[in-house]
Number of protein chains: 2
Amino acid sequence: MRGLTGVSLADLAEAVGLSKSGIFKHFDSKEDMHMAVVEAVMDRFAEVIWKPAEALTPGRERLEVIFERWLHWAEEEWPDSGCPVTALSVELDDQPGPLRDLLHKRLQGWRKTMVREFRALRDPPLSEAEAQAAYFQMKSFVLGHSDSRRMMGDDDAKRSANAAFEALLDRTCRAAA
Amino acid sequence: MRGLTGVSLADLAEAVGLSKSGIFKHFDSKEDMHMAVVEAVMDRFAEVIWKPAEALTPGRERLEVIFERWLHWAEEEWPDSGCPVTALSVELDDQPGPLRDLLHKRLQGWRKTMVREFRALRDPPLSEAEAQAAYFQMKSFVLGHSDSRRMMGDDDAKRSANAAFEALLDRTCRAAA
DNA sequence: TAGAAAAGAGCACGACCGGTCGCTAAATTC
DNA sequence: GAATTTAGCGACCGGTCGTGCTCTTTTCTA
């Protein structure tokens with residue numbers, strides 16, 4: 001990936017068919033643009049991943065749909081660049097400022113949502129700690145999937161990730177209350 | 001992180017106390033430098049993570065040491081920038097060329113080593129597929145650990161990763177042959 | 001110790017960087 | 001229909017980019 005810093009105004013101008021100066025009628029600065037990019041990416045993330053699951057009732061099936069959509073998002077929605085959420089995280093995690101803060105806020109919101117989903121996986125509900133541990137693993141498998149597929153060229157990455165996630169759901173459901 | 005592209009020759013020159021042109025007596029081009037960076041990073045990776053485990057016999061304890069060193073590597077060896085292997089992977093996974101090829105080769109070598117380690121975790125040894133699945137999860141937890149700690153600000157990330165890894169070892173040892 | 005070779009400094013280059021300016025033309029509002 | 005806002009353009013700014021060239025200084029070797 002090229003990252004936010006790796007895309008110049010000239011690149012962008014050519015891509016959208018505008019002049020550099022034309023772009024500045026829509027954004028005050030490059031950082032202003034970057035903020036809009038983060039917002040747009042996270043909005044799209046929610047639409048692609050959360051929306052299809054919204055209709056379902058909380059529980060295992062919903063989590064399975066979310067996980068499937070999450071892999072799909074990275075694999076099909078961004079076949080060239082790779083998942084922009086991961087890219088933004090790696091690029092911004094040591095760059096303090098409003099941009100990182102915005103991404104952090106959106107990701108925390110998502111995390112909170114997902115922990116809630118995991119709590120509802122079992123009756124009686126999982127403890128907060130159990131749900132957090134489960135989400136940690138879920139997100140790990142998403143990251144592992146991208147790494148395996150993109151960097152290691154592993155065509156079975158999706159299968160590996162799915163198997164790991166299914167096993168995670170199995171043992172999380174089964175765990176004693 | 002700033003990435004290879006994000007570090008200019010002027011930055012580097014200042015950091016090492018040389019002039020820009022002075023640097024060119026050691027490297028033919030910036031790409032030549034990048035190759036050396038990838039080599040150096042992977043050499044250091046092996047030294048920090050593999051070397052302390054080398055003395056041990058293959059098996060669970062060795063894997064535990066490797067995992068501990070791997071987390072340590074990301075957390076203590078690179079407290080500011082984050083794990084450079086992850087950074088390089090994300091930066092280069094869609095940039096075909098000798099640089100990506102070099103990183104790919106070194107990472108494949110590491111993967112092969114680790115899969116071998118996992119096979120030796122049990123007697124009778126794990127199948128190739130089982131060992132690959134286990135390594136997929138191990139690497140996922142490493143990635144999850146960095147993401148949780150650096151982007152999400154989770155101080156318990158190490159604990160979460162360790163718990164997940166121990167559980168992985170448990171059920172991998174226990175699995176029927 | 002003379003001379004070669006290596007390490008480094010200084011400078012200049014063309015290309016590109018993010019950003020501003022003044023202008024035009026289209027759209028919107030009054 | 002006049003006035004004002006908006007979208008967009010090309011030219012241009014000061015700076016930085018990677019890199020080549022020449023010259024000096026250090027270091028190694030015969």
Side-chain angles (χ1 to χ4, degrees), chain A residues 1-44 78 80-82 84-104 106, chain B residues 1-44 78 80-82 84-104 106:
Chain A
M1 61 106 194
R2 300 166 60 182
L4 293 176
T5 323
V7 178
S8 73
L9 290 174
D11 293 334
L12 177 69
E14 196 194 348
V16 300
L18 278 186
S19 66
K20 270 202 297 173
S21 42
I23 291 180
F24 275 83
K25 297 289 161 170
H26 301 271
F27 303 100
D28 292 341
S29 67
K30 216 192 176 189
E31 194 188 356
D32 186 36
M33 268 185 37
H34 290 168
M35 297 284 278
V37 167
V38 171
E39 291 277 16
V41 163
M42 293 308 295
D43 286 349
R44 180 88 185 130
W78 309 89
D80 298 333
S81 59
V85 178
T86 306
L88 287 169
S89 293
V90 173
E91 185 174 4
L92 297 177
D93 67 4
D94 59 347
Q95 313 273 337
L99 200 52
R100 196 202 112 109
D101 293 344
L102 172 60
L103 180 62
H104 180 83
R106 302 283 310 237
Chain B
M1 60 107 196
R2 301 167 57 181
L4 293 176
T5 323
V7 178
S8 73
L9 289 175
D11 293 334
L12 178 69
E14 195 194 347
V16 300
L18 278 185
S19 64
K20 273 202 294 174
S21 42
I23 292 179
F24 271 80
K25 297 291 159 169
H26 301 271
F27 304 100
D28 293 342
S29 67
K30 215 191 176 188
E31 193 188 358
D32 186 36
M33 266 184 38
H34 290 168
M35 297 285 277
V37 167
V38 171
E39 291 277 17
V41 163
M42 292 308 295
D43 287 348
R44 179 88 185 132
W78 310 89
D80 297 333
S81 58
V85 178
T86 306
L88 287 169
S89 293
V90 174
E91 184 173 4
L92 298 176
D93 68 4
D94 60 347
Q95 313 273 338
L99 201 51
R100 197 203 113 108
D101 293 345
L102 173 60
L103 180 63
H104 180 83
R106 301 284 310 239

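The chains referred to below are lettered A, B, ... by the order of the sequence lines, with proteins before strands, and numbering in each begins at 1. Since the model is a prediction, treat every value here as computed from it, not as a measurement.
Proximity of A:H26 to the phosphate of D:dT6: no side-chain N or O atom is located under 4.0 Å from OP1 or OP2.
Between the C1' atom of D:dG10 and the CG atom of A:L18 lies a distance of 14 Å, rounded to the nearest Å. Here the C1' atom of nucleotide D:dT16 and the CD atom of B:E14 are 14 Å apart, to the nearest Å. Separating the CE atom of B:M33 from the P atom of D:dC17 is a distance of 13 Å, rounded to the nearest angstrom.
Counting heavy atoms from C-beta on, the side chains of A:M42 and A:L103 come closer than 4.5 Å. Using a 4.5 Å heavy-atom threshold, the side chains of B:D80 and A:D94 count as separate.
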Within the sub-3.5 Å range, which N or O atoms of nucleotides 24-29 of chain D have a protein N or O partner, and how far apart are they?
none

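Partners of B:D11 according to the side chain to side chain donor-acceptor pair (under 3.5 Å) rule, which considers only residues two or more places apart in sequence or in another chain, are B:R2, B:S8. For A:R100, there are no salt bridge (Lys or Arg N to Asp or Glu O under 4.0 Å) partners, not counting sequence neighbours.
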remark   = Under the rule of Watson-Crick or G-U wobble with both distances under 3.5 Å, where | means paired to another strand and [ ] a crossing pair, DNA chain C maps to ||||||||||||||||||||||||||||||

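Counting heavy atoms of neighbouring residues, nucleotides and ligands inside a 6.0 Å radius, atom CD of B:Q95 exceeds 12 of them.
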ask   = For every nucleotide of nucleotides 17-27 of chain C, 5' to 3': is a protein heavy atom under 4.0 Å from its base (B), only from its sugar-phosphate (S), or from neither (-)?
value = SBBBB------

Return all side-chain donor-acceptor pairs below 3.5 angstrom for residues 31-41 of chain A, not counting sequence neighbours, or 'none' if the list is empty.
from  : atom 1 : to     : atom 2 : distance (Å)
A:D32 : OD2    : A:D28  : N      : 3.0
A:E39 : OE1    : A:R106 : NH1    : 2.7

